[in-house]
Amino acid sequence: MDLQRILCIGGGPAGLYFALLMKARNPALQITVVERNRPFDTFGWGVVLSDQTLANLRAADAESAALIGDDFHHWDDIQVFFKGRQVRSGGHGFCGIGRKRLLNILQERCLALGVELVFETDVTDDQALAAKYEADLVIASDGLNSRIRQRYADVFQPDIDLRQCRFVWLGTHQTFDAFTFA
Ligand SMILES: Cc1cc2nc3c(=O)[nH]c(=O)nc-3n(C[C@H](O)[C@H](O)[C@H](O)COP(=O)(O)OP(=O)(O)OC[C@H]3O[C@@H](n4cnc5c(N)ncnc54)[C@H](O)[C@@H]3O)c2cc1C
C-alpha cells in the first residue's frame, strides 16, 4: 500500500509520540492527530520515567528528549514508608515531569515537524473521520478505555482483567528529595 495519510485518534502521549516519530522519519507523510480535549487540559498530574526510559526517548527523538530532560526533576533515591519503617535505597534514577508539560512538549514537537493537531473534537465515528481525512492508516491512540478497541473487539479480542486495587491522586506543595512511596 502507498501510505500517504495517517490519522491518529487520541492525542495523549502515545498518539503524539507516534505522530512525531513517524513524521520525523517520513516527512512526506500527512499526519493528523485528533484530540477531544484542549491543548492545556490534562488528567493526572505527573509522569515519572526511569533513566532507561529517558535514554530510549533520546535514542528515538533527541529534540523532544532534550526538552523533556530540561523540565524534569531528577531523583536517584527511592524512599519507602511501610508499616512504620523507612527504607531508602540509592542508584535508581527516576525523573518526574508534569503530564501537561509533557503533552505540551510533544504537541510543540509535532507542530515543528508539520503534524496537524486538531483539538476539541470528540470522535464518535472513526470510519467517517478516516474518510474525511482520506486516511490510509488509522491509529487508535484513544487510551485505556478505547472506544475504537471496543468497537472492533471482534478483531482485537481484548482481554481485560479487572482487579480490586484502588488508587487516589493527592496533591501537596511539599517537595521530596527522593522518589517517595508513602
Ligand atoms: C494514576 C496514574 C498514574 C500514572 N503514572 C504514570 C507514570 O508515572 N509514568 C508513566 O510512564 N505512566 C504512568 N501512567 C500511565 C500513563 O498515564 C499511560 O500509560 C499513558 O497516559 C498512556 O498514554 P496513551 O496516549 O495511550 O493514553 P491517554 O494518555 O489516555 O491518551 C488518550 C487520549 O485520547 C483522547 N481520546 C480518547 N477518546 C477520544 C475520542 N473518542 N476522540 C478524541 N480523543 C479521544 C483522550 O482525551 C486522551 O488525550 C499512569 C496512569 C495513571 C492512571
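For ligands, and for the atoms within them, numbers begin at 1 and follow the listed sequence.
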- Message: Between ligand 1 and Val48, is the shortest N or O to N or O distance under 3.5 Å?
- Response: yes
- Would you check whether Ala14 has a nitrogen or oxygen atom less than 3.5 angstrom from a nitrogen or oxygen atom of ligand 1? yes
- Considering Leu106, Asp122, Leu49, Leu129, which one's heavy-atom position lies nearest to atom 11 (O) of ligand 1? Leu49
- Query: Of all the atoms in ligand 1, which lie at a distance below 4.0 Å from a heavy atom belonging to Gly143?
  - Reply: 27 (O), 30 (O), 32 (C)
- Message: Given Arg99, Glu35, Arg147, identify the one with the heavy atom nearest to atom 21 (O) of ligand 1.
- Response: Arg99
- Item | Parallel, tilted or perpendicular: rings of Tyr152 and Phe156 (30°, 60°) | perpendicular
- Message: Would Ile9 count as being in polar contact with ligand 1, using the rule that some N or O on each side must be under 3.5 angstrom apart?
- Response: no
- Under the side chain to side chain donor-acceptor pair (under 3.5 Å) rule, collect the residues that match up with Asp122, sequence neighbours excluded. Arg147
- Query: Considering only heavy atoms of Ser141, which atoms of ligand 1 have at least one such atom less than 4.0 Å away?
  - Reply: 32 (C), 33 (C), 34 (O)
- Item | Hydrophobic cluster membership, Leu54 vs Leu106, 4.5 Å side-chain cutoff | yes
- Does the Asn104 side chain pair with the main chain of Pro39, one donor and one acceptor, at a distance under 3.5 Å? yes
- Could you tell me which residues satisfy side chain to side chain donor-acceptor pair (under 3.5 Å) with Arg163, sequence neighbours excluded, listed by chain and number? Asp161
- Message: With a 4.0 Å cut-off on heavy atoms, is Thr121 in contact with ligand 1?
- Response: yes
- How about Val33 and Phe18: do any of their side-chain heavy atoms sit closer than 4.5 Å? no
